[in-house]
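To find a chain, count down the sequence lines: A is the first, B the second, and so on, and within it residues start at 1.
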Number of protein chains: 2
Amino acid sequence: MEGTENSPARERVLTVAERLFSERGYATVTLQDIAGQLGMRKASLYNHAPGGKEQLYVEVMERNLARHQHGIEAALTGAEPRTLRAQLRAVSRWLLSQPAINVARMQRIDMPEITPEHATRLMGAAYQALMVPIERAVEAAYRRGDIRFVNGALVAGIFLTNIEAIRDLYQYDAPEIPLEVVVDDAIDILLDGLHRR
Amino acid sequence: MEGTENSPARERVLTVAERLFSERGYATVTLQDIAGQLGMRKASLYNHAPGGKEQLYVEVMERNLARHQHGIEAALTGAEPRTLRAQLRAVSRWLLSQPAINVARMQRIDMPEITPEHATRLMGAAYQALMVPIERAVEAAYRRGDIRFVNGALVAGIFLTNIEAIRDLYQYDAPEIPLEVVVDDAIDILLDGLHRR
DNA sequence: CCCATACAACCTAACGTTTGTTAGTATTGT
DNA sequence: ACAATACTAACAAACGTTAGGTTGTATGGG
C-alpha cells in the first residue's frame with residue numbers, strides 16, 4: 001500500500017486522476033470528481049494516494065509527461081517519409097490519442113496553486129517532454145535545409161498549443177469535418193504559410 | 001446600488017474581477033482574491049455585485065469581450081498598410097495591452113463550471129468578439145488575392161491562441177527577447193510558413 | 001479440511017478550512 | 001441627513017484530510 005508499488009486498483013485511480021487533471025487542471029478537479037468516476041468515496045482515494053491531492057497531481061502529471069515524451073519521440077522517429085510535415089502529423093495523432101494537455105495553461109493556471117518546488121519541477125518536466133523533442137525536430141529540419149531559420153522553442157509552443165486549441169474549439173468551428181483533417185490543415189499552414197506562392 | 005449603474009467604486013471592483021477572471025479562470029479565482037486586491041472583505045463585494053460570483057463572472061467577461069471586439073476591430077481597420085500582416089500585428093499589440101484571455105481555455109475549463117445558459121451565451125459572445133473580426137480580415141485578404149484559401153475560423157483560433165500561448169510561455173522561452181518581437185515572429189511564421197521559398 | 005490470521009480495498013463519520021452568501025451594523029463623504 | 005460603502009458575524013455547503021470500522025479474499029498452520 002506504499003506509494004511506489006502498483007496494484008491494479010491503484011492503477012485505475014492514477015489513470016482517472018491523470019485524465020481529469022490533464023484535461024481540466026488542478027484546482028477545478030476535486031477529489032470527489034476522481035472518486036466519483038471510480039465509483040468510490042473520496043476518502044478511499046487515500047488508500048492509493050496517501051500523499052493527498054497535490055502529490056497525486058504531481059505524480060500523475062509526471063507520469064503523463066513521461067508517456068508523452070515517449071509517444072512524441074516515437075512519433076518523430078517513426079514518421080515516414082522523414083519530413084517535418086510527416087513528423088508533425090504523427091505527433092498530432094499521438095496528442096489526439098491522449099487526454100488533452102496544455103503546457104501554457106498549466107503554467108498560467110495550475111502552477112500558482114501548488115508548491116513552487118513542485119511547480120518548477122513539473123514545468124521542467126513538461127518542457128523536456130513536450131517542447132524539447134519537437135524543438136529538436138524543427139532544428140533538424142533546418143539543418144537538412146528544409147525550412148528557414150526559426151526559433152525552435154517558439155515553433156514547438158505554437159504547434160502544441162494549436163493542436164490543443166483545435167481540440168477545444170472543435171465543436172464550435174467545424175463539427176462536420178473530421179478532427180484530423182482540421183489538424184492537418186493547421187500543420188500545412190504552419191509549414192507553408194497563408195501567403196500565395 | 002443596482003447592478004446596471006456605475007459608481008467609481010463599482011468600476012474598481014469590475015476592473016479587478018475582470019482581470020483576475022480573464023487571466024486565471026472562473027473556479028481558480030475566489031471572491032477573497034478579488035476583495036484582497038481591492039483591500040476589502042469579500043462580503044463587501046456584494047454591495048457592487050449583488051448577483052454573486054457567477055453573475056459577476058458573466059457580466060465582467062461580457063464587458064471584457066465587448067471591449068476586445070472594439071479593440072480588435074479598431075486595430076484591424078486602423079492598421080497601416082492595409083495588409084494582413086500589419087493587421088495581425090496591430091491586433092497582437094491590442095491583445096498584449098489587455099489582461100490575458102484564452103477562448104479555448106474558457107471553453108474547456110470555465111464553461112463546465114457555470115450554468116449552461118450562461119455558458120452558451122458567453123461562448124457566443126467570445127466567438128463574436130474575438131474570432132469573427134479576425135475571420136473576416138482573413139477572408140478579406142483572400143478576396144484581395146493576398147493569401148490562399150483557408151478556413152478563416154481555424155486561422156483566427158490559431159492566431160489568438162498563439163498570442164496567448166507566447167505570453168504564457170514567455171519567461172521559459174526567451175526572457176531576453178522583447179515579447180513583441182517573438183509575437184511578430186509568430187505572425188511571420190503564420191503568414192510565410194516555415195518552409196524555404 | 002477448517003479455522004485463524006492478514007491484508008487489501010472500500011466504507012462511514014467526523015475534523016478543520018475555505019468558499020459563496022446573507023443579515024445587520026458601523027463609517028464615510030457631501 | 002442620508003446614501004454609498006465598508007465592516008463584523010454567522011450560515012450552509014464543499015473542500016481536503018484523518019481515524020477507525022467492515023468486507024472479501026487469500027494464505028498458512030493445526
Side-chain angles (χ1 to χ4, degrees), chain A residues 1-18 20-21 23-61 109-115 117-119 122, chain B residues 1-18 20-21 23-61 109-115 117-119 122:
Chain A
M1 132 247 243
E2 191 53 35
T4 50
E5 67 173 301
N6 267 5
S7 71
R10 175 174 150 85
E11 200 61 34
R12 284 207 327 138
V13 171
L14 295 186
T15 303
V16 168
E18 183 183 315
L20 290 180
F21 280 139
E23 290 182 340
R24 291 181 12 221
Y26 178 69
T28 310
V29 173
T30 73
L31 294 184
Q32 294 209 68
D33 292 335
I34 301 173
Q37 295 236 351
L38 292 161
M40 61 172 70
R41 311 273 152 174
K42 56 178 177 172
S44 305
L45 292 176
Y46 282 80
N47 288 315
H48 311 286
K53 188 188 185 187
E54 176 163 337
Q55 200 164 113
L56 174 62
Y57 171 76
V58 173
E59 175 182 353
V60 98
M61 289 304 282
I109 311 290
D110 295 340
M111 294 307 103
E113 306 280 324
I114 65 179
T115 311
E117 294 77 34
H118 279 159
L122 250 190
Chain B
M1 136 244 246
E2 190 55 34
T4 50
E5 66 173 301
N6 265 6
S7 70
R10 175 173 149 86
E11 199 62 34
R12 284 207 326 140
V13 170
L14 295 186
T15 303
V16 168
E18 183 184 315
L20 289 180
F21 279 139
E23 290 182 341
R24 288 177 20 216
Y26 178 70
T28 309
V29 174
T30 73
L31 294 186
Q32 294 209 68
D33 292 335
I34 301 172
Q37 295 235 351
L38 292 160
M40 61 172 68
R41 310 273 152 175
K42 57 179 176 172
S44 307
L45 292 176
Y46 282 80
N47 288 316
H48 312 284
K53 188 188 184 186
E54 176 164 339
Q55 202 163 111
L56 174 62
Y57 171 76
V58 173
E59 175 183 352
V60 97
M61 289 304 281
I109 311 289
D110 295 341
M111 295 307 103
E113 306 280 324
I114 66 178
T115 311
E117 295 78 32
H118 278 160
L122 249 190

Comparing B:Met40 and A:Glu54 on DNA chain D - which has the more 5′ nearest nucleotide: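 Nearest-nucleotide comparison on DNA chain D picks B:Met40.
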[X] side chain: which of [options] is closest?
X	options	answer
B:Lys42	D:dG16, C:dA23, C:dG20	C:dG20
B:Thr30	C:dA9, D:dC15, C:dG20	C:dG20
A:Gln32	C:dT19, D:dA9, D:dC15	D:dC15

Measure the distance from [atom1] on [X] to [atom2] on [N] and round it to the nearest whole Å.
X	N	atom1	atom2	result
B:Ile34	C:dT21	CD1	P	11 Å
B:Arg10	D:dA6	CZ	C1'	17 Å
A:Glu113	D:dG16	CD	P	12 Å
A:Leu38	C:dC11	CG	P	10 Å
B:Lys53	C:dG20	NZ	P	4 Å
A:Asp33	D:dG16	CG	C1'	13 Å
A:Tyr46	C:dC15	OH	C1'	13 Å

Check: residues 26-35 of chain B side-chain donor-acceptor pairs under 3.5 Å, at least two apart:
residue : atom : partner : partner atom : Å
B:Thr28 : OG1  : B:Arg24 : O            : 3.4
B:Thr30 : OG1  : B:Gln32 : N            : 3.3
B:Thr30 : OG1  : B:Asp33 : N            : 3.1
B:Thr30 : OG1  : B:Asp33 : OD2          : 3.3
B:Asp33 : OD2  : B:Arg24 : NH2          : 3.0
B:Asp33 : OD2  : B:Thr30 : N            : 3.1

Residue B:Gln55 excluded, over 12 heavy atoms near CD under 6.0 Å: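 No.
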Donor-acceptor pair under 3.5 Å, A:Asn47 side chain vs C:dA9 base: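 Result: no qualifying N/O pair found.
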